[in-house]
K.L.:
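Have a look at this one.
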Number of protein chains: 2
Amino acid sequence: MKEGPDIAHIAALIGDPARANMLTALMSGRALTVSELAEEAGVTIQTASSHLSKLDDGGLLRPRKQGRHKYFSLASDDVAHVLEALMGLAAGSGHLRKRTGPKDAALRQARVCYNHLAGDMGTQMFDSLIAQGHLTLISDDLILTQSGQAFVAELGIDLTELRKNKSPLCRECLDWSERRSHLAGGLGRAFLRRFEDLSWAKRDAKTRVVSFTATGAKEFEKLFSVG
Amino acid sequence: MKEGPDIAHIAALIGDPARANMLTALMSGRALTVSELAEEAGVTIQTASSHLSKLDDGGLLRPRKQGRHKYFSLASDDVAHVLEALMGLAAGSGHLRKRTGPKDAALRQARVCYNHLAGDMGTQMFDSLIAQGHLTLISDDLILTQSGQAFVAELGIDLTELRKNKSPLCRECLDWSERRSHLAGGLGRAFLRRFEDLSWAKRDAKTRVVSFTATGAKEFEKLFSVG
DNA sequence: TTCATAGTTCGACCCTAATCGAAGCATCCG
DNA sequence: CGGATGCTTCGATTAGGGTCGAACTATGAA
């Protein structure tokens with residue numbers, strides 16, 4: 001004889017101190033790795049892993065694999081809302097967390113991630129493409145729209161050539177300094193290569209830093225303004 | 001290295017199935033007794049008592065002792081809000097509870113509680129007195145305001161006589177059929193006695209039923225209309 | 001290929017907390 | 001004053017789950 005909505009299960013998930021610490025850390029809106037969340041919670045990585053898979057099973061988290069890293073963020077605004085309400089009840093002073101990325105400013109601004117553009121400029125490009133309607137996110141699938149295809153062609157990228165490649169055209173990639181998405185996949189690769197071909201940017205082989213020329217930065221800004 | 005708002009503690013309180021059942025039962029807005037909540041939760045009364053004191057310590061409940069009964073209701077709208085949000089997350093179909101009072105319609109309408117008026121008319125009188133500003137609830141203390149004292153005098157109740165009594169003048173009393181407050185204490189007693197003196201009402205000794213005459217009901221309605 | 005790093009799985013330990021029986025209070029009723 | 005009812009406290013039992021060490025997998029770096 002039981003249960004409408006299983007509020008006990010979800011509350012129990014939040015009810016463990018270690019998990020609660022992880023969740024509050026994620027309230028910053030950032031995506032964090034298992035190790036980082038382990039440190040936040042003050043437990044070992046094994047325990048954190050166990051907790052995180054439970055939270056994931058409970059539908060509270062949204063995991064994303066990134067190479068050998070696994071990033072977790074809150075699953076939805078609803079989850080954040082519940083946490084917010086709980087903090088309200090707990091009535092104490094709200095307190096949020098801080099956590100930063102790489103030290104080097106140049107790396108933060110623009111760098112290579114695998115073989116595509118990352119860093120501040122990478123996320124800016126991604127955001128702009130979404131805002132202009134050139135990219136759309138449909139249930140975790142990233143789609144290049146009609147206008148996007150025109151935009152890409154205009155820039156001088158051969159889409160038909162790209163499509164021959166077996167790897168997916170568009171992939172969302174999580175930025176490790178910004179902790180926001182940027183564009184990966186064949187198209188992401190093509191963008192960076194095109195920037196280099198146009199002599200807008202140059203990548204430093206050793207440091208992963210991508211340095212834009214003055215005109216390159218200007219053109220980039222024209223194409224991917226975020227206003 | 002710890003804790004802002006202790007969301008884990010509160011979530012853990014909600015996280016136990018038995019307690020969650022009790023809390024959802026209380027979402028009806030009604031006040032329920034320990035035994036009723038025990039049945040809702042499917043546990044024995046001892047366990048329920050233990051759970052309830054924990055919830056109370058956590059500040060989630062508002063207990064009220066009523067003779068040998070102890071009624072619990074949710075402590076605040078904030079608590080209800082958190083539960084609501086949790087139910088939303090649990091995403092299942094919402095499902096509320098039912099629970100009724102005494103069978104007899106006459107008893108429900110008006111009856112004696114100790115020696116004051118209870119039932120539908122009792123709660124109506126209470127609500128009306130509050131609404132008219134004759135009574136005020138200041139942190140669990142019920143106060144007869146200036147206008148209230150005039151109102152009472154107008155009705156022909158001798159306040160100075162009442163104050164000589166050692167028992168408190170105004171007391172909030174939880175109605176067992178309506179599960180809402182009505183007026184007890186010396187003043188509550190005086191009201192009922194006055195109704196009898198005016199031949200507005202008559203109480204049946206055996207059944208606790210209070211029956212109002214036609215004119216009595218009319219006068220009552222005039223004095224204690226609810227909006 | 002070899003090494004290092006990020007996470008996961010397995011197994012064992014241990015501790016909290018839920019549970020109920022039994023006894024103890026408190027309150028009302030006759 | 002008993003006797004009945006509603007609730008609390010105490011104590012003992014038990015189970016579920018949080019924790020970490022150690023071994024394993026997967027990905028990236030040299």
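Sequence lines set the chain letters: A, B, ... in the order given, protein chains first and strands last, and positions in each chain run from 1. Heavy-atom basis, side chains included; hydrogens, waters and symmetry copies ignored.
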K.L.:
Has B:S50 got a side-chain N or O lying under 4.0 Å from the OP1 or OP2 atom of C:dA18?
P.N.:
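Negative; the distance criterion is not met.
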K.L.:
Examine D:dG28: is either OP1 or OP2 under 4.0 Å from a nitrogen or oxygen in the side chain of A:H69? Give yes or no.
P.N.:
no
K.L.:
Report the distance from atom CG of B:D56 to atom P of D:dT9, rounded to the nearest whole Å.
P.N.:
11 Å
K.L.:
Measure from CG on B:L55 to C1' on C:dA17 and round the result to the nearest Å.
P.N.:
14 Å
K.L.:
How long is the line joining CD of A:Q66 and P of D:dA26, in whole Å?
P.N.:
18 Å
K.L.:
Can you measure B:E39 atom CD to D:dT5 atom C1' for me and round it to whole angstrom units?
P.N.:
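Going from CD in B:E39 over to C1' in D:dT5 covers 16 Å.
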K.L.:
Can you check the B:L37 CG to C:dT19 P distance for me, whole Å?
P.N.:
14 Å
K.L.:
Kindly indicate whether the side chain of B:Q46 and the base of C:dG21 share any N or O donor-acceptor pair separated by less than 3.5 Å?
P.N.:
yes
K.L.:
So, is B:K70 close to the D:dT8 phosphate, meaning a side-chain N or O under 4.0 Å from OP1 or OP2?
P.N.:
yes
K.L.:
If only side-chain N and O atoms of A:T47 are considered, is one of them under 4.0 Å from the OP1 or OP2 phosphate oxygen of D:dC20?
P.N.:
yes
K.L.:
What's the shortest heavy-atom distance between B:I14 and B:A20, and which atoms?
P.N.:
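Result for this residue pair: O-CB, 3.4 Å.
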K.L.:
Ignoring backbone atoms, establish whether B:H51 has a side-chain N or O less than 4.0 Å from OP1 or OP2 of C:dA17.
P.N.:
no
K.L.:
Any idea which of D:dG18, C:dC20, D:dT8 is nearest the A:R19 side chain?
P.N.:
D:dG18
K.L.:
If the test is ring-ring contact (aromatic ring centres under 6.0 Å, His included), which one of A:W200, A:F191, A:F212 qualifies with A:F220?
P.N.:
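The passing option is A:F212.
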K.L.:
Regarding A:A18, tell me which of base, sugar-phosphate or nothing describes its non-hydrogen contacts under 4.0 Å with the strands shown.
P.N.:
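Here A:A18 touches the backbone only, sparing every base.
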K.L.:
Select one nucleotide: of D:dT19, D:dC20, D:dT9, the one nearest the side-chain heavy atoms of B:S49.
P.N.:
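In terms of side-chain proximity for B:S49, the closest of D:dT19, D:dC20, D:dT9 is D:dT9.
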K.L.:
Set out, in order, the CA-CA distance, both residues' side-chain angles and the distance that settles side-chain contact (heavy atoms from CB on, under 4.5 Å) for B:L169 and B:L159, then state yes or no.
P.N.:
CA-CA 9 Å; B:L169 187 63; B:L159 262 181; 4.1 Å; yes
K.L.:
In whole angstroms, how far is the C1' atom of C:dT8 from the CZ atom of A:R68?
P.N.:
16 Å
K.L.:
Taking atom P of C:dA22 as reference, at what distance in whole Å does atom CD1 of B:I45 sit?
P.N.:
15 Å
K.L.:
Rounding to an integer number of Å, can you tell me how far B:M22 CE sits from C:dA18 C1'?
P.N.:
11 Å
K.L.:
Give a yes/no on whether any side-chain N or O of A:K54 is located under 4.0 angstrom from OP1 or OP2 of D:dG18.
P.N.:
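Looking at the OP1 and OP2 atoms of D:dG18, one of them is under 4.0 Å from a side-chain N or O of A:K54.
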K.L.:
Which class fits the ring pair A:F195 and A:F224: parallel under 30°, tilted 30 to 60°, perpendicular over 60°?
P.N.:
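Ring orientation, 0 to 90° scale: perpendicular.
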K.L.:
For residues B:L89 and A:H81, determine if any side-chain heavy atom of one lies less than 4.5 Å from a side-chain heavy atom of the other.
P.N.:
no
